[in-house]
Protein chains: 2
Amino acid sequence: MANVTLKRIAEQLGLSTATVSKALKNYSDISDETKRKVRALAEELNYKPNSFAQSLRNRESRIIGLITPEIVHHFFSNIIKGVIDAAEKSGYLVITLRSGESYETEKRQLRLLRDKNVDGILISLSDKTINYNHITELIKDGTPVVLYDKISKLINCPKVIINDRMAAYHATKHLIDSGCCAIAHIRGPLRPQTTIDRFMGYKKALADHGIEFCEDLVFETSHLSFEDGYEIAGEIIKCPIKIDGIFAFTDLLAAGALHKLKENQIAIPDEISIIGFSNWFLSSITSPALSTVDQPGYLMGQKAFELLLKDIENKKQGRPSTAEIIEIPTQIIPRDSTRPGR
Amino acid sequence: MANVTLKRIAEQLGLSTATVSKALKNYSDISDETKRKVRALAEELNYKPNSFAQSLRNRESRIIGLITPEIVHHFFSNIIKGVIDAAEKSGYLVITLRSGESYETEKRQLRLLRDKNVDGILISLSDKTINYNHITELIKDGTPVVLYDKISKLINCPKVIINDRMAAYHATKHLIDSGCCAIAHIRGPLRPQTTIDRFMGYKKALADHGIEFCEDLVFETSHLSFEDGYEIAGEIIKCPIKIDGIFAFTDLLAAGALHKLKENQIAIPDEISIIGFSNWFLSSITSPALSTVDQPGYLMGQKAFELLLKDIENKKQGRPSTAEIIEIPTQIIPRDSTRPGR
DNA sequence: TTAATCCACGAAATCGTTTTCGATATTTAC
DNA sequence: GTAAATATCGAAAACGATTTCGTGGATTAA
């Protein structure tokens, strides 16, 4: 069970390991005859270079790290898939870790990846992350890092994002265009930038269309769960202002709300229209099917890897990071929970 | 930006690398005084052992590979999560790859993992895998391998499975107990063992309860999609035999069927009862909520890693693989698409 | 005092690959 | 025929960490 190494091939052929190594890598200072013999024996012995030795020597692992807040999650699992696919095409493998929206876990995961000498790291910030030293220090020490989806403007590195503000603007506008005038917003947790941006987009759309913003029509949630949406829809029904449109922070909240409204025999979209966010799979199979905003996770994952690869190359060449920011376009997916616009 | 190595610490302290290494690993033949000094400087310089060198020397990477047919998939993403969590607790990281149900891809992924010298591999066979040499050779060459969910009896290694036959038996029995007597089965693709097992369980339940099996009540699907379920429900409606119960191969098929039945104003569960399989998230939010069989992916992932870890240890100690098989219990989740049993 | 025991450390060999810099031997140019 | 160019190969030094086996000195036992 002794492993077949360059040395073994060299001895068997009466050559040096240097020659064998060069023969296998097709160096020009090795004769064709020798190359043939070396390759033949390597094939026969089923030689496989030791990746540890290669990594040690070349100072690269061809492995990247990916930290995501969640794994069992339609949007993030699409990101994971996009990253893995793109990475494999470029000869990289991906170690996936999940922060579970915890700042401490996020720091620990980062350390684990760093200890494994990954060539670069892709990370989406947890909702609870308020301090960015763990990231900036990593970057300062030379590890290429790319932020995706949940980012911070305070970190200077490449990023892949959607324009949450614009997307929310269009979602709200979609409701307005279809005739809604008292539009509620089910808002996400307080901290993350995405919550703020989507909320701003909502407000801007109202303002641009002459609808007065009303604090009472904004409902906060912290868990982003189906149950939360269900509960909040209860409040919406009881609201003294007669609400005729809902823009929810995610599809899951929207689905919960939809369920509650249906239970109360409220006609959708005629009495109340509702639009979600993300285009998770579930939004296509509710009844009525949920209108939503498509957030292309797979594409974001691919782009994030491409940016990381660029920075890995930059580092090899001694060039500085690009700090390029890619904004992925989103799109309204009109379905049956909103009326067709005019 | 020169890396901090043992050598550098040794020079700075006038010691040898051997002493520094041993001091950091708390060897007994190093004086407390020296240990203190070494640790202090290591701390100060922020020393981090080079994992490539460690791997090369110790012949282990503390990385395992995980191959799954899909990533954006409720069941498999739960498995991934279970594996990653369990692995991290034992100091292992996980490289995830997806075969996309392709035999060729599966072979390629296996090769990639092997080339990276992972300490072990977890794999669920693709539906199209009919030859197992790529797995058995890997095992023969000494890589610990554990099969989960979609396995083959022809491969001798540890496995984590559910008892598909039994689970299907109970799902069917649940329909029978609630009064159904003409029960259709929406069957999965032909090849995989799970398809066969669930079909057998269905048949056995009928037989054990004096219901005659009828070929015409079995509907085959190949894509396991919502649309497939929708289409097949159309056939079920048109079926000359009046069907009053459906056992679907997965929740997604069941959800598609549910949709079609609702469109046709068929009362659920009174006219037709329906039960799915897997307990995907979506089954809890359809209306009516889908009764189903819980297939605990997270637990399966954890157990699969534990088995792999055992085999990795076995290999280190020169012991043979256990080839242990763990059967994870499943459970009927009765909801509103079936009537309560007696 | 001599011999046995211990303590604290270091030299050196490995792990397997890569690459630089020579060193022969052979061929070409003039 | 001699000098220069070319073609093939190998020695050896990395890359860092680990561990075996000594070694020299101090301590203890006799």
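Below, each value reflects all heavy atoms present in this structure, side chains not excepted, and no hydrogens, waters or symmetry copies. Residue numbering restarts at 1 for every chain, and letters A, B, ... go by the order of the sequence lines. These numbers come from a predicted model, not from an experiment.
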Worksheet item: Taking the side chain of Arg59(B) as its heavy atoms from C-beta onward, which of dA17(D), dG16(C), dT17(C) lies nearest to it?
Response: dG16(C)

Discussion item. In this structure, how many angstroms lie between the P atom of dT8(D) and the CZ atom of Arg36(A), rounded?
Written reply: 13 Å

Worksheet entry | Protein-nucleotide distance (Ile9(A), atom CD1; dG16(C), atom C1'), rounded to Å | 12 Å

Response to the item:
Atom NZ of Lys25(B) and atom C1' of dT19(D) are separated, to the nearest Å, by 9 Å

Worksheet entry | Sidechain-backbone polar pair: Lys159(A) side chain, Leu147(A) backbone, donor-acceptor under 3.5 Å | no

Response to the item:
Between CZ of Arg8(B) and C1' of dA17(D) the distance, given in whole Å, is 17 Å

Worksheet entry | Interatomic distance, Phe52(B) CZ vs dG16(D) P [rounded to whole Å] | 10 Å

Item to complete: Ignoring backbone atoms, test whether Ser31(B) places a side-chain nitrogen or oxygen under 4.0 Å from the OP1 or OP2 oxygen of dC7(C).
Response: no

Fill in: Between C1' of dC15(D) and CG of Leu6(B), the distance in whole Å
13 Å

Practice prompt. Between dT18(D), dT17(C), dC9(D), spot the one nearest the side chain of Gln54(A), thanks.
Written response: dT17(C)

Worksheet entry | All ring-ring contact (aromatic ring centres under 6.0 Å, His included) counterparts of Phe76(B), not counting sequence neighbours | His73(B)

Practice prompt. Please work out if Ser28(A) contacts a base, only the sugar-phosphate, or nothing of the nucleic acid, heavy-atom cut-off 4.0 Å.
Written response: nothing

Discussion item. Can you tell me whether the side chain of Asp29(A) and the base of dC9(D) have a donor-acceptor pair closer than 3.5 Å?
Written reply: yes

Discussion item. For a quick test of reading the model: is some side-chain N or O of Ser21(B) closer than 4.0 Å to OP1 or OP2 of dA17(D)?
Written reply: no

Practice prompt. Would you confirm whether Asn58(A), through its side chain, and Glu60(A), through its main-chain N or O, come within 3.5 Å as a donor-acceptor pair?
Written response: no

Worksheet item: Ile30(B) has a side chain; which of dC9(C), dT18(C), dT18(D) sits nearest to it?
Response: dC9(C)

Check: protein-nucleotides 25-28 of chain D nitrogen or oxygen pairs below 3.5 Å:
none

Worksheet item: So, is Tyr47(B) near the phosphate of dA17(D), with a side-chain N or O under 4.0 Å from OP1 or OP2?
Response: yes

Practice prompt. Can you establish whether the number of heavy atoms outside Lys116(A) located under 6.0 Å from its atom NZ is more than 12?
Written response: yes

Practice prompt. Quick one: label Thr34(A) by what it contacts on the DNA or RNA (base, sugar-phosphate, nothing), any heavy atom closer than 4.0 Å.
Written response: sugar-phosphate

Worksheet item: Quick one: ring pair (Phe, Tyr, Trp, His ring centres under 6.0 Å) pairs with a partner in residues 10-52 of chain B, sequence neighbours left out?
Response: none

Worksheet entry | Donor-acceptor pair, side chain of Glu106(B) and main chain of Ser126(B), under 3.5 angstrom | yes

Discussion item. The criterion is ring-ring contact (aromatic ring centres under 6.0 Å, His included); which residues satisfy it with Phe75(A), sequence neighbours excluded?
Written reply: none

Discussion item. Tell me whether Ser16(B) contacts the main-chain N or O of Thr19(B) through its side chain, where contact means a donor paired with an acceptor under 3.5 Å.
Written reply: yes

Worksheet item: Which whole-number value in Å describes the distance from Leu15(B) CG to dG16(D) P?
Response: 20 Å

Item to complete: Output all residues satisfying salt bridge (Lys or Arg N to Asp or Glu O under 4.0 Å) with Asp32(A), sequence neighbours left out; order by chain, then residue number.
Response: none

Worksheet entry | Distance, rounded to the nearest Å, where Leu13(A) contributes CG and dT8(D) contributes P | 17 Å

Discussion item. Please determine whether a side-chain nitrogen or oxygen atom of Tyr27(B) lies at a distance below 4.0 Å from atom OP1 or OP2 of dT19(D).
Written reply: yes

Practice prompt. Taking all non-hydrogen atoms of both residues into account, name the closest pair between Leu6(B) and Ser21(B) and its distance.
Written response: CD1-CB, 3.7 Å

Contact list (N/O, under 3.5 angstrom) for nucleotides 11-13 of chain C vs protein:
none

